[in-house]
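Just below is one structure, and these are the notes that go with it.
Here is the naming used below: chain letters follow the sequence lines, and residue numbers restart at 1 for every chain.
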Number of protein chains: 2
Amino acid sequence: MLTIGEFSRLTHLSVRTLRRYHEAALLEPAVVDGTTGYRYYGVDQIPTAQVIHRLRELDVPLSDVQRILRTPDPGVRSALVTDHLQRLEDVLDRTRAAVVSLRRLLQPDPAPIDVELRAEPARTVAAVEAVVGHHDISAWYAGAMAELEAAVGAAVTGPPGGSYDNALFEQERGHAVVYLPTAAPPRTGRVHPATLPAAELAVTTHVGEHDGIEVTYGELGTWVVENAMSVAGPVREVYIVGPRDTSDPAAWRTEIGWPVFRVT
Amino acid sequence: MLTIGEFSRLTHLSVRTLRRYHEAALLEPAVVDGTTGYRYYGVDQIPTAQVIHRLRELDVPLSDVQRILRTPDPGVRSALVTDHLQRLEDVLDRTRAAVVSLRRLLQPDPAPIDVELRAEPARTVAAVEAVVGHHDISAWYAGAMAELEAAVGAAVTGPPGGSYDNALFEQERGHAVVYLPTAAPPRTGRVHPATLPAAELAVTTHVGEHDGIEVTYGELGTWVVENAMSVAGPVREVYIVGPRDTSDPAAWRTEIGWPVFRVT
DNA sequence: GTGGACTCTCCCCCGGGGGGAGCGTTCAGA
DNA sequence: TCTGAACGCTCCCCCCGGGGGAGAGTCCAC
């Protein structure tokens, strides 16, 4: 039996943190003295403590750590861990994107953007839609687009696009639509016909990988306001040239269209 | 002038967060109506908002964001940013280390470790010591060891080593010593003679890169307890084979010695 | 038996947000 | 010109995963 201090020295977890883990039923001392409240740990709890320590270093929430520890089947358990490692990869991607954006933002010479005002008629397309979290977008997009391409096949009549609720960016969660234009939209699985409403769009083209796209959004937003307009409705993107066309990100072209209306 | 809602849509920052940034004097609205308290933002504040957004995505604390924004000189500013990116790299390293440890911990078949009980006599070495943070250790170690090697030169009589306070791991901050053994320890810069006290050490050898070393610590700790002993004093490491000897991490050998005493 | 090290609980603090109540303001359409 | 919806305001409490410190009780070796 080890006192909490000894256990702390052996696991490199602070005494405070150990108490917290006890309270959270994450790592219960082998024995708790009923009268003094003293916690005593067993040597066999060291590996568990270490697993917790590592998982916490990977920013796995305590609740998930608990779920992982309570999973007896090692296969299932390592699947849970792998899952978190995947999430870590996603975080890494976002970090990379933020770095690219930041570099572009801190660039002293921002080239002015070309914005075109365009009246877009309503049109019906093959779409997949969902309420999705900001951070899950790219994974969701990949799945949805794959399904769309399978359903539409060669009947595609233009580049793919998407429509994204502003709430998606403001509250991390919102409605998203991705679509492929086609003459007769099928209805299979998540794919179904959908109508993009007519709108007056302020359109600009983002060149290059998606990582810096938020900066272009900002520039477009500035343009909109400076031209005495206001935004109305979800932003639209059209992937004129994308990863399906070329693997060279520098050649990618993304049209960003923000529905606007004239103020005054 | 933009209302907070409009500004929110344009910058993809939530209204709540914008108010928070105002409160923190991070991003003050261009105009605040004195009677209604309504916040109004200027179009020219969009780039600033975006910079903040990206920095926050990189987990830069608001206080540091503020410092960066208030730095007028673009050179100094980008230096601050680069600094944070460096810190990000360090986080990444720790993440990688945690992943390695985790894989080793979840391995079903942990080979038993060899532990030797050794009475180490006191000895005087050339040392550099400091109170450092857990996360700054590797950088500090690199600098200290470079200084040591420059001071001692060819008079080295054995592999380098270190002694690390337990507080370093428990409270993220503690006393650390790195040393090179030599007959006549010099006194230059941070380098000075120091005496490693005699101790009874439980010694084991960690093979491979340092990333998984915490696991070996745990195994050593288990051994210590199972052999009716208790730890006393800072842990010692001796870098028998390290990056100065070979660039192949798999060949590295690190002796870990934990001062122990027998418990009845 | 005593002193110092250790441990206990309890409360408040941090950062960076989110949810919601309750109320005031704006503005476009009737 | 009125009115109601949408929007804005402040205020309070919540989340996570810890840290600091007070004040009191406990353990153990000398």
Gap between atoms CG and C1', on B/L55 and C/dG16 respectively (whole Å): 15 Å
Per-nucleotide protein contact string for nucleotides 9-17 of chain D (B base, S sugar-phosphate only, - none; heavy atom under 4.0 Å): BB------B
Between B/H12 and A/E214, is any side-chain donor less than 3.5 angstrom from a side-chain acceptor? yes
Please check if the number of heavy atoms outside A/R103 that lie under 6.0 Å from its CZ is greater than 12. no
side-chain contact (heavy atoms from CB on, under 4.5 Å) evaluation trace for A/I137 with A/Y164: CA-CA 10 Å; A/I137 280 232; A/Y164 308 100; 4.2 Å; yes
List the steps and the verdict of side-chain contact (heavy atoms from CB on, under 4.5 Å) for A/V65 and A/Y21. CA-CA 11 Å; A/V65 173; A/Y21 290 172; over 6 Å; no
Ionic contact status for B/R54 with B/E57, cut-off 4.0 Å: yes
Return no unless some side-chain N or O of B/T17 is found under 4.0 Å from OP1 or OP2 of C/dG16. no
Interatomic distance where CG belongs to B/L2 and P belongs to C/dT26 [whole Å]: 16 Å
Tell me whether the side-chain N/O atoms of B/T3 come closer than 4.0 Å to OP1 or OP2 in D/dG8. yes
Looking at A/E120 and A/R236, is there a salt bridge between them, counting it only when a charged N and a carboxylate O are closer than 4.0 Å? no
Basic-acidic side-chain contact under 4.0 Å: B/R94, B/D90: no
Between C/dA5 (P) and A/R9 (CZ): distance, integer Å: 13 Å
Pair listing, salt bridge (charged side-chain N to carboxylate O under 4.0 Å, His left out) test, anchored in residues 28-48 of chain B, at least two apart: none
Round to a whole Å and report the spacing from CG of A/D59 to C1' of C/dG16. 14 Å
To the nearest 10 degrees, how far apart in direction are the end axes of the helix from C/dG1-D/dC30 to C/dA30-D/dT1, each fit to five base pairs? 10°
Please report, rounded to the nearest Å, how far the C1' atom of D/dG18 is from the CD atom of A/E23. 11 Å
SB check A/E209 A/R96 (cutoff 4.0 Å): no
Spacing between A/L26 atom CG and D/dG18 atom C1', to the nearest angstrom: 13 Å
B/Y41 OH to D/dC7 P: how many Å, rounded? 17 Å
